[in-house]
Structure formats: C-alpha cells, structure tokens
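Any value given below was found using the heavy atoms of this structure, including those in side chains, with hydrogens, waters and symmetry copies removed. Read the numbers this way: they start at 1 and go in the same order the structure lists the ligands and their atoms.
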Amino acid sequence: MIEYRNLRVALLGAGSVGAQVVAQLQKHGDELASRVGAGLELVGVAVRDIDAPRTAEIPRELLTTDAESLILGADIVIELIGGIEPARTLIMQALTSGADVVTANKALIATHGPELFAMAEQVGAQLYYEAAVAGAIPIIRPLRDSLAGDHVQRILGIVNGTTNFILDRMDTEGQSLEDALATATELGYAEADPTADIEAYDAAQKAAILASLAFHTTVPIESVYREGITAITAAQVEAARSAGYVIKLLAICERVTDAEGIDGVSARVYPALVPRTHPLAAVHGAKNAVFVEAEAAGDLMFYGAGAGGIETASAVLGDLVSAARRHVVGGPGVAESTNSDLPILPIGSVTTRYHITLLVNDRTGVLATIAALFSDHGVSVETVVQTVGAPSDDGTPAPATLVIGTHEASEAALAATVTALSSIDTVRSVTSVLRVEGS
Ligand SMILES: NC(=O)C1=CN([C@@H]2O[C@H](COP(=O)(O)OP(=O)(O)OC[C@H]3O[C@@H](n4cnc5c(N)ncnc54)[C@H](O)[C@@H]3O)[C@@H](O)[C@H]2O)C=CC1
Ligand SMILES: N[C@@H](CC=O)C(=O)O
Ligand code: NA
C-alpha cells in the first residue's frame with residue numbers, strides 16, 4: 001500500500017453542499033488521494049449547531065463550532081457557509097495562515113473578490129471558486145484557463161437553478177411561482193434567503209463573476225443591471241408560449257460599444273423571451289447552461305446541474321483536488337487577470353429587441369398613432385399582433401390587446417417609448433415589456 005503524506009482539509013459549513021462534500025470525500029477519498037499523490041485528511045467540520053439534522057452523516061468527532069481554531073494548521077480550507085460574514089473573515093484568516101481556499105460563495109466573490117484575490121496573491125496562496133457559478137458545470141476554469149487565449153464576445157447564461165426551476169414549472173405545469181419556489185427550496189436549490197434567487201441577486205453575482213473573468217476586467221456587482229422574476233405572470237408565460245417563446249432568467253455579459261463609440265462591457269440579468277428553437281429554451285428544471293461566443297472558438301455551450309447539494313459538491317471536490325495538487329507540486333498561485341480594465345457601460349447603452357403588450361381602445365387610427373409614437377422615439381416596429389375581445393353586455397367596446405415586436409433598439413429609446421405610450425389616451429395600460437434574446 002502506498003503511504004502518502006496527508007494534507008489537512010478543514011470544512012466550514014455542513015448544509016446542503018457541505019454535508020455532501022463530506023459524504024463524497026468519505027466515499028472516494030482513497031481514489032482522490034492516489035490522483036493527487038497525497039492523502040486528503042478531513043481534520044474537522046465547523047458547524048453552527050452540532051446536533052442539527054444533515055443530509056449526510058458526519059462522524060461526531062469531526063464536528064466543531066469553533067471555525068477559527070479549525071482553520072489553524074489546515075493546508076486547504078473549504079468554505080461552504082455562504083453569505084458575507086463570517087465567511088469573509090474566515091477566508092482571509094485561512095489565506096493569511098498560508099492555506100489554499102475553496103469556496104462556492106458567489107455573494108462573497110462578487111462583492112469582495114478583488115480584496116480576497118489580492119490577499120491570495122500577496123501570500124502566494126490560491127482561491128478556487130468553480131462551484132460559485134452554475135454549480136457542477138465547469139465554467140470558471142474554462143473561462144479562466146481554456147479560453148485565456150481567445151477573445152470572448154458574449155456570454156448568455158441560465159445561471160440560477162431555482163428561478164429556472166420555477167419558470168419551467170410555470171411553463172410546463174402552470175404552477176404558481178410560490179408553489180414552485182417551495183419545491184425548489186425543499187430540493188436544496190434555493191439560497192438560505194430565496195429572495196436572492198427570485199429577485200436575481202444570485203444571478204447578478206454570477207454575472208459579475210463571469211464578466212470579470214471573460215473580459216479581464218473587474219466588474220463590480222453594483223454595475224450589474226438586475227430584474228428578478230417576481231413580476232412575471234402566468235399570462236406572460238402563456239402569451240410567450242403562444243408566440244413560440246419561453247421566458248428564462250438570463251445573465252448576459254457582453255462587449256458593447258455605446259453611442260459615443262466607447263468600447264466597454266455590459267453585465268445584466270433579467271427575464272427574457274427566448275425562442276423555443278434556441279438551445280437555452282431546452283434547459284429545464286434546475287439545470288443551468290452557459291452559452292459563450294468567442295472570436296476564435298465560435299459558440300460553446302456548457303450545460304448541467306446548476307444547483308443541488310451533491311452536484312455542487314462535485315465542483316467543490318474538483319477544486320479540492322486542484323488545490324491539493326498545487327500543494328504537492330508547489331509554486332505560487334495564479335493571479336486573476338484584470339489587465340483589460342474596460343469601462344462598465346450602463347443599461348441605456350445596450351440594444352436588444354422587445355415585445356411590448358398594450359391594452360388599447362379599439363378605435364380607428366389607434367394603430368397609426370402608436371406606430372408613429374414608436375417611430376418618433378427611433379424604435380422600429382417589426383411585428384404587430386392584435387386581438388380584440390368581446391364587447392361587454394352593456395355594449396361598451398372591448399379593449400384590444402396589441403403585442404408589438406421591435407427591431408433592435410437601445411434601452412434608453414425603449415424606456416422613453418414606454419413612458420410616452422403610458423401617457424396617451426388610447427392606451428389603457430402597458431401590460432408587459434419583455435426583451436427578446438437569443439435570436
Ligand atoms: N445549494 C446549492 O445548490 C448551491 C450552493 N452554493 C453556495 O454554496 C454555499 C453553501 O450553500 P448551501 O450548502 O446550499 O447552504 P446551507 O444554508 O444549506 O448551508 C450553510 C451551512 O452553514 C452553516 N453555518 C452558518 N454560519 C456558520 C458558521 N459561522 N460556522 C459554521 N457553520 C455555519 C449553516 O448552519 C448551514 O448549515 C453558499 O455560498 C451557496 O451560495 C453554490 C452553488 C449551488
Ligand atoms: N440558489 C442557487 C444555488 C446555486 O448557485 C441556484 O438556485 O442556482
Ligand atoms: Na461551476
């Protein structure tokens with residue numbers, strides 16, 4: 001039997017992901033050791049409550065509530081607590097004590113990444129975070145390493161499993177957002193506070209991380225435009241279906257040139273209409289997919305489990321093996337590259353297509369009035385679908401529903417058009433404005 005030196009691994013947090021990391025390590029630890037050329041000794045698991053129920057059994061002697069002491073003397077620290085504090089302080093302590101760190105914490109990387117990467121570089125340690133974006137799907141390493149020699153133009157991703165699960169259930173089963181969220185929470189997909197999922201804070205954090213890596217530019221979380229899915233209605237889902245689309249929460253990171261000719265980067269997250277023929281439309285349940293367009297490589301699609309305890313544990317363990325191999329081989333960590341330092345452009349600089357649904361008074365000339373208003377704001381109309389309801393019993397004419405599809409227009413022009421539409425008499429209400437992506 002081969003005798004390896006042991007690397008000391010400390011785990012912080014034993015929730016959905018942490019407990020599965022322990023289970024997988026117990027199951028495959030010997031195999032991973034022979035892959036690495038060193039034993040991976042789990043020296044302890046920091047938890048908040050020793051007696052809390054867990055999704056996998058953890059030997060009681062490994063459990064401690066003293067995370068700070070556990071870190072001391074560890075070669076590799078795995079942080080799976082989530083949130084900003086105490087995760088940030090514990091990771092800083094781990095790095096300064098010379099440990100490599102593996103984390104799945106996108107909230108922390110998106111908000112304090114530069115500070116953590118700087119510390120890792122200063123002490124010659126490495127911070128791994130493959131699980132932080134799109135769970136089990138390898139996407140951090142491909143962007144950081146495999147595509148480091150290419151020029152990424154655009155990323156279009158479904159990067160939040162919970163919201164994809166919810167929108168999919170609304171689309172395929174007519175379930176309500178609330179019911180579908182309850183199931184996603186039971187299945188371990190949702191964040192500790194699911195507002196992070198449904199209001200797209202989580203997806204925005206992932207967009208910031210992806211854009212930073214893809215464009216070699218620090219993209220602060222505050223610069224990511226964000227709209228969640230809480231305003232999406234059953235009627236919008238149904239209308240999208242009838243028109244050949246599906247609504248998906250998308251994270252979009254792209255190189256953009258604004259009206260003044262300034263080259264920059266846009267990172268944004270919102271629910272959008274995706275044609276049912278697009279590969280992203282076929283991403284169901286809690287699955288994620290990241291579509292990357294690169295100059296030389298062309299289109300690449302990364303697909304798989306974006307959430308779930310055991311699935312995310314796969315990405316964590318992959319990082320653990322990388323960290324362990326680095327310990328065996330030695331050498332300094334690799335710094336994050338932010339050499340491009342591009343400006344982050346506001347949402348108004350972005351152009352896309354839109355579907356606007358209006359409830360209008362069904363009078364002669366209404367279409368001409370509305371078409372002129374679009375034209376006055378520089379937004380070109382591509383399609384108009386009109387549906388007229390039945391008049392009410394007292395003979396009052398029913399309003400007509402107009403669904404107007406536009407050609408590419410800037411967000412700024414579209415916003416001005418919607419404001420103008422809302423103020424004219426013939427328009428009773430603007431019932432839905434959705435962007436169209438992926439066509
Ligand atoms: N669940 C998922 O599908 C995915 C989760 N992630 C990320 O992985 C991380 C962990 O997520 P989950 O396991 O789902 O969360 P969770 O809420 O199930 O587990 C976190 C655990 O940390 C414990 N904890 C909190 N403060 C602590 C402290 N001071 N010391 C020790 N333990 C403490 C909590 O009691 C809880 O058991 C988060 O950053 C999350 O965003 C990333 C990808 C997918
Ligand atoms: N809550 C997140 C978990 C993974 O990052 C999600 O639903 O995607
Ligand atoms: Na990943």
Side-chain angles (χ1 to χ4, degrees), residues 10-22 44-56 58 63-71 77-91 102-110 128-144 157-167 180-181 184-185 187-203 205-206 209-210 213 229 249 251 285-290 302-316 318-319:
L11 173 63
L12 315 180
S16 299
V17 184
Q20 294 303 318
V21 165
V22 177
V45 181
V47 294
R48 212 160 32 184
D49 174 4
I50 301 271
D51 297 311
R54 306 186 201 287
T55 63
I58 301 177
L63 298 176
T64 172
T65 52
D66 185 357
E68 291 202 15
S69 303
L70 182 61
I71 286 171
V77 172
I78 304 176
E79 182 278 308
L80 294 172
I81 290 172
I84 306 302
E85 288 295 353
R88 175 183 155 275
T89 302
L90 291 168
I91 289 180
V102 175
T103 181
N105 195 332
K106 52 267 165 141
L108 186 61
I109 298 290
Y128 299 85
Y129 54 100
E130 182 57 76
V133 180
I137 304 175
I139 187 65
I140 299 297
R141 244 183 225 90
L143 283 174
R144 194 182 136 133
I158 294 173
V159 293
N160 182 270
T162 302
T163 46
N164 201 55
F165 181 87
I166 294 170
L167 291 171
L181 174 59
T185 305
L187 292 170
Y189 303 147
E191 293 302 301
D193 174 2
T195 312
D197 297 294
I198 57 177
E199 292 295 359
Y201 292 102
D202 176 86
Q205 289 155 1
K206 290 165 176 167
I209 296 171
L210 290 175
L213 279 170
I229 66 161
L249 181 72
K287 290 284 195 291
N288 282 190
V290 185
F302 300 83
Y303 169 85
I310 188 167
E311 295 87 345
T312 306
S314 163
V316 171
D319 279 351

> Could an N or O of ligand 1 be found under 3.5 Å from any N or O of Ala190, whether backbone or side chain?
Replying inline: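 Looking only at distances, the answer is no, because the N/O contact criterion of under 3.5 Å is not met.
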
Ligand 1-proximal atoms of [X], by part, heavy-atom distance under 4.0 Å:
X      : result
Thr312 : side chain
Ala104 : both
Ala87  : neither
Glu311 : neither

Under a 4.0 angstrom heavy-atom cut-off, which atoms of ligand 1 come close to [X]?
X      : answer
Ala131 : 42 (C), 43 (C)
Gly188 : 1 (N), 2 (C), 3 (O)
Val47  : 31 (C), 32 (N)
Gly82  : 38 (C), 39 (O)
Glu191 : 40 (C), 41 (O)
Gly308 : 2 (C), 3 (O)

>> Regarding Arg141 and Asp319, does a basic nitrogen lie under 4.0 Å from an acidic carboxylate oxygen?
In response: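 Salt bridge between Arg141 and Asp319, a charged N being under 4.0 Å from a carboxylate O: yes.
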
> Under a 4.0 Å N-O cut-off, is there an ion pair linking Arg144 with Glu130?
Replying inline: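 A salt bridge is absent here (no side-chain N lies under 4.0 Å from a carboxylate O).
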
> Name the one of Thr103, Val316, Ile71 that satisfies side-chain contact (heavy atoms from CB on, under 4.5 Å) with Glu79?
Replying inline: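 Running side-chain contact (heavy atoms from CB on, under 4.5 Å) over Thr103, Val316, Ile71 with Glu79 returns exactly one hit, Thr103.
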
>> Looking at ligand 1, is there an atom of it that comes within less than 4.0 Å of some heavy atom belonging to Ala46?
In response: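 The answer is yes, since Ala46 has a heavy atom less than 4.0 Å from ligand 1.
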
With heavy-atom distances below 4.5 Å as the criterion, would you say the side chains of [X] and [Y] are in contact?
X      : Y      : answer
Thr65  : Ile50  : yes
Ile139 : Leu143 : yes
Gln20  : Thr312 : no

> Listing residue and atom name, which protein N/O/S atoms are closer to the Na ion (ligand 3) than 3.0 Å?
Replying inline: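 The answer, once waters are left aside, is Glu130 O, Glu130 OE2, Val133 O, Gly135 O, Ile137 O.
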
When you measure from [atom] to every protein heavy atom, which one gives the shortest distance, and what is it?
atom                    : answer
atom 33 (C) of ligand 1 : Ile81 CG1, 3.8 Å
atom 10 (C) of ligand 1 : Leu80 O, 3.4 Å
atom 34 (C) of ligand 1 : Arg48 NH2, 3.7 Å
atom 23 (C) of ligand 1 : Gly13 CA, 4.4 Å
atom 5 (C) of ligand 1  : Val17 CG2, 3.7 Å
atom 29 (N) of ligand 1 : Pro86 CG, 3.5 Å
atom 14 (O) of ligand 1 : Ser16 CB, 3.6 Å
atom 19 (O) of ligand 1 : Gly15 CA, 3.2 Å

> Which atoms form the tightest heavy-atom contact between Ala14 and Val47, and what is the distance?
Replying inline: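 Looks like CB-CG1, 3.7 Å.
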
Write 'none' if nothing qualifies; otherwise put on separate lines each N/O atom of ligand 2 with a protein N/O atom under 3.5 Å away and their distance to 0.1 Å.
unit_1: ligand 2; atom_1: 1 (N); unit_2: Tyr189; atom_2: O; d: 2.7
unit_1: ligand 2; atom_1: 1 (N); unit_2: Glu191; atom_2: OE2; d: 2.7
unit_1: ligand 2; atom_1: 1 (N); unit_2: Asp197; atom_2: OD1; d: 2.7
unit_1: ligand 2; atom_1: 5 (O); unit_2: Lys106; atom_2: NZ; d: 2.5
unit_1: ligand 2; atom_1: 5 (O); unit_2: Lys206; atom_2: NZ; d: 2.7
unit_1: ligand 2; atom_1: 7 (O); unit_2: Gly161; atom_2: N; d: 3.3
unit_1: ligand 2; atom_1: 7 (O); unit_2: Thr162; atom_2: N; d: 2.8
unit_1: ligand 2; atom_1: 7 (O); unit_2: Thr162; atom_2: OG1; d: 2.6
unit_1: ligand 2; atom_1: 7 (O); unit_2: Tyr189; atom_2: O; d: 3.1
unit_1: ligand 2; atom_1: 7 (O); unit_2: Asp197; atom_2: OD1; d: 3.4
unit_1: ligand 2; atom_1: 8 (O); unit_2: Gly161; atom_2: N; d: 2.7
unit_1: ligand 2; atom_1: 8 (O); unit_2: Lys206; atom_2: NZ; d: 3.2

